[in-house]
Amino acid sequence: MTFLINIYWLSNFYESDILDDPVEEKTDGRLGKVLPKPLPAHLIRDVAHEIDHHLAKCSVSPEGQLKPEIALPIQNLKVKTGEPFQIKLSTVNNLHETKPSEIEDTSLVIQVANGSASGEYTFFAMKAGKTKIRLVLAHAESLAVGFQDVDIVVVQNTPLGIQGPTPSVVRAMAVQETQPLPTWASENEDDDLAQIPWEIVCVVDDSSSMGLPLNGKVGVTSPNHIDRTRWGLLCKVLNHLADNIALSDEVRLDVYLLTSGQEWRNIRNGEKLLRALQEVNIKENIGTRRFNPILKKLLRIYVPELERGDDTETGTRPLWLIILTDSAPHDKAAMENDLLLLTERLRLRAMVKLEIHIRIQFVLVGENKDAAEYFKYLESKFGAESPYLVSFYS
Amino acid sequence: MASMLDSPPPSLLDLRSLSQEIENMFRKSETPTAVAQPTWPKCTNASLDPLTVNALLASVLGDDIGVSTLHATVTSSECRVLYGVDKPDINERVFIEFTQCITSAAAEAHMRGYLSSFEVSPSKVAWPANIGAYSLQTAQSVFWIRDTMFAKIFVNGPTGI
């Protein structure tokens, strides 16, 4: 049941005869301009009469009233916790743009957007259980209301199967060295951040263009001089980063390759990571550079973990996603949509006082100006929403 | 405001008399011609989108008006929209609010509720407007029920919307 409470109050009542007569026209003495005046009271009555006449002309029986057409392809839906979901009407003719819902149990599901012109309702599933969602609609012209109920079953989300070294193997790889964190990873950050037990996840662009020299000019660097290529630089940086992270038991590092799909989790040895990266044949990785699939996959793995806060093996860690690439993605719209959904989820969690720290950092390797412009745009778009959510470094 | 805070909370007797006054005022607001109208339930199919409202109001206020949707609330029992009407040579904004209810009884409850929100006794500031089924007007507002619709027109509108 929904209770709506509206509070109105009226003030400054005047005797009707004060405003019944048109107010004398006043002019600005200096400019001779006619000043705005109050609305004469008789005009309010005239407006009311005009509207009532319009209403009376269109009186019909309840059966004849124009009701919103509601056509839903589903009556029940199974969704997973920690994920947004949409219910879309198949008929959207003459519907009022405001499309709220009435949710039986708002601890399980919440609506995250007030409907859309194309008839979509967007929700977010928070807890496992069963509830009912009433999709409410109004006719755009007659304002008559209607609704459709959908039964929702929310099931516990299971993170995707993780491949790569098992925890025991990872522990065997661990080494201890003492070097500071690379400056690119900590620049412009609060000093306190170094103390945070981050889960650092690097998404590394391993497409063939990474084999080009740092300045982008083909032929300047021979394949033998891999250190001078973008890939060579990345390998060194990740080697350095992994060695430094191994110093701390708190911070973890996972690496995912964008194109070949290889992944290593909880890396504790920079040298081994370097050797693994050097074995990647980036020349074969020709194709489009899509960040959306890997971003979606990573958010599915890590964000529910953060939201549940019950990662007993490692403890819950804030997520620092670093995307290292030499170009802008080909699937910009899809990636931005994912970031938008993530922002919405974080905002909702913040509303229920559940702070989840996620930051996404794009690191540009090389001198691609268009890509730099694009990542700056992303930073301004999502960074403004949440200062640390998206940032850019080149 | 100070006087409101200083005054004691209304007693049960005050509330009962207020309730009685609202009921009396509501009865008084009934349009005489409406009594003779058929009693079966009626609704409206009148188009009340901003464009239609603009066209309706232009015939009274002039062509230079602008109608904008300020607020909309849709629940499974009602749809309420608030339009703002601006006119360059008028220094007040006119507000029009439509509440399309499921039943006429719900619309009547809205009107009673609106009357109860008056800071002063409704009988001192409102009088019948003779439109729709029930209607009242004040110096700066007109509100009435037509079928399942509760409509309000006012200037210097409620603060805080």
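First the proteins, then the strands, lettered A, B, ... as listed; each starts at 1.
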B:Thr52 versus A:Glu141, side-chain donor and acceptor atoms under 3.5 Å: no

Contacting moiety of B:Val85, where chain A heavy atoms sit under 4.5 Å: neither

Atom group of B:Asn45 that falls short of 4.5 Å from chain A, counting heavy atoms: both

Parallel, tilted or perpendicular: rings of B:Phe118 and B:Tyr114 (30°, 60°): perpendicular

Which of A:Leu43, A:Leu135, A:Leu143, A:Asp52 touches chain B most, by non-hydrogen pairs under 4.5 Å: A:Asp52

Residue, of A:Ala140, A:Ala138, A:Ala56, that accumulates the most heavy atom pairs under 4.5 Å with chain B: A:Ala56

Given A:Lys132, A:Lys130, A:Lys78, A:Arg134, the one that forms salt bridge (Lys or Arg N to Asp or Glu O under 4.0 Å) with A:Asp151: A:Lys132

Heavy-atom proximity to chain A below 4.5 Å, by part of B:Leu61: side chain

Contact class of B:Val94 relative to chain A, heavy atoms under 4.5 angstrom: side chain

Side chain A:Ser142, main chain A:Leu66, donor-acceptor under 3.5 Å: yes

Parallel, tilted or perpendicular: ring planes of B:Tyr83 versus B:Phe98, cut at 30 and 60 degrees: perpendicular

Which portion of B:Ile131 sits near chain A, non-hydrogen atoms under 4.5 angstrom: both

Interface residue of largest heavy-atom contact number with chain A, from B:Thr103, B:Asp49, B:Val60, under 4.5 Å: B:Val60

Interchain contact, B:Ser77 with chain A, by part (heavy-atom threshold 4.5 Å): backbone

Residue pair A:His139 / A:Gln65, side-chain donor-acceptor N/O under 3.5 Å: no

Side chain proximity check, A:Leu137 to A:Tyr121, heavy atoms < 4.5 angstrom: yes

